[in-house]
Amino acid sequence: MMTLREVSEWMEDKISNATWRINSYDRSLEKVICTRNLASARDKMTIGGLANKSTAVKGISIIVHWSKNPDETEKTAQSVYELFDGQKPLISGYQVVLCKMRNDEPISLGIDDSGIFDYVIELWITYQRDRKE
């Protein structure tokens with residue numbers, strides 16, 4: 001099963017200058033990208049049960065908590081979005097077959113108490129259950 005850590009580590013190679021967190025982060029820091037599970041019921045069981053199922057779905061919410069500059073933050077969020085939109089990457093040995101974006105672009109969450117702008121990217125990653133070595 002694909003994990004948040006595996007997705008974060010895959011993104012680390014593509015987005016520089018970020019502090020990476022899973023599930024929670026210190027809001028006083030700048031340039032943080034946090035991955036969380038996205039609640040979803042998208043992964044339906046196939047007829048015949050798990051043995052006949054070749055794919056799984058991982059719901060992910062990515063928070064881009066970047067800087068006090070709104071333009072810089074939006075551009076970084078767009079860069080993260082583009083890593084997934086229409087792509088079929090190999091993440092930690094799992095072949096992605098579909099990245100279903102919840103929205104057409106990153107969604108602004110506004111400014112936090114520290115004056116740092118936040119964006120969220122939500123998606124469902126459908127991937128082959130068998131890991132490639």
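Looking at Gln87 and Val96, their side chains never come closer than 4.5 Å, going by heavy atoms from C-beta outward. Contact check for Ile33 versus His65: no side-chain heavy atoms found under the 4.5 Å cut-off. Residues Arg5 and Ile22 form a side-chain contact, since some pair of their non-hydrogen atoms from C-beta on lies under 4.5 Å apart. Inter-residue side-chain proximity for Leu123 and Ile62 is flagged as met; some heavy-atom pair is nearer than 4.5 Å. Side chains of Val32 and Asp26 form no contact here, defined as non-hydrogen atoms less than 4.5 Å apart.
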_Verdict with reasoning, Arg131 to Ser92, per side chain to side chain donor-acceptor pair (under 3.5 Å)_ = CA-CA 8 Å; Arg131 190 185 301 243; Ser92 192; 3.3 Å; yes
*Carefully, step by step, assess Ile116 and Thr73 under the rule side-chain contact (heavy atoms from CB on, under 4.5 Å).*
CA-CA 9 Å; Ile116 300 170; Thr73 304; 5.8 Å; no
*Starting from the C-alpha separation in whole Å, work towards a yes-or-no answer on side-chain contact (heavy atoms from CB on, under 4.5 Å) for Gln128 and Ser54.*
CA-CA 6 Å; Gln128 294 292 328; Ser54 63; 4.0 Å; yes
*After noting the C-alpha distance and the side-chain angles of Ser114 and Ser28, does the key distance pass the side chain to side chain donor-acceptor pair (under 3.5 Å) rule?*
CA-CA 6 Å; Ser114 300; Ser28 67; 5.8 Å; no
*Passes side chain to side chain donor-acceptor pair (under 3.5 Å), Arg129 versus Tyr127? Steps please.*
CA-CA 6 Å; Arg129 288 180 60 225; Tyr127 62 94; over 6 Å; no
*side-chain contact (heavy atoms from CB on, under 4.5 Å) between Cys99 and Asp85: does it pass, once the steps are laid out?*
CA-CA 6 Å; Cys99 289; Asp85 188 31; over 6 Å; no
*Start with the C-alpha gap between Asp113 and Arg27, add the side-chain angles, then the distance that decides, and say whether side-chain contact (heavy atoms from CB on, under 4.5 Å) holds.*
CA-CA 8 Å; Asp113 294 339; Arg27 294 181 193 276; over 6 Å; no
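By the 4.0 Å N-to-carboxylate-O rule, Lys58 lies too far from Glu6 to be salt-bridged with it. Under 4.0 Å is where a charged nitrogen must lie from a carboxylate oxygen, and between Glu72 and Lys31 at least one such pair does.
A distance of 12.0 Å separates OG in Ser8 from CD1 in Ile15, rounded to the nearest 0.5 Å.
In the hydrophobic clustering of ILVMFWY residues, with side-chain heavy atoms under 4.5 Å counting as a link, Ile121 and Trp124 come out apart.
Across all their heavy atoms, Cys34 and Ser24 have their closest contact at SG-N, 3.6 Å.
Exactly one residue among Phe84, Trp20, Tyr94 makes a ring pair (Phe, Tyr, Trp, His ring centres under 6.0 Å) with Trp10. That residue is Phe84.
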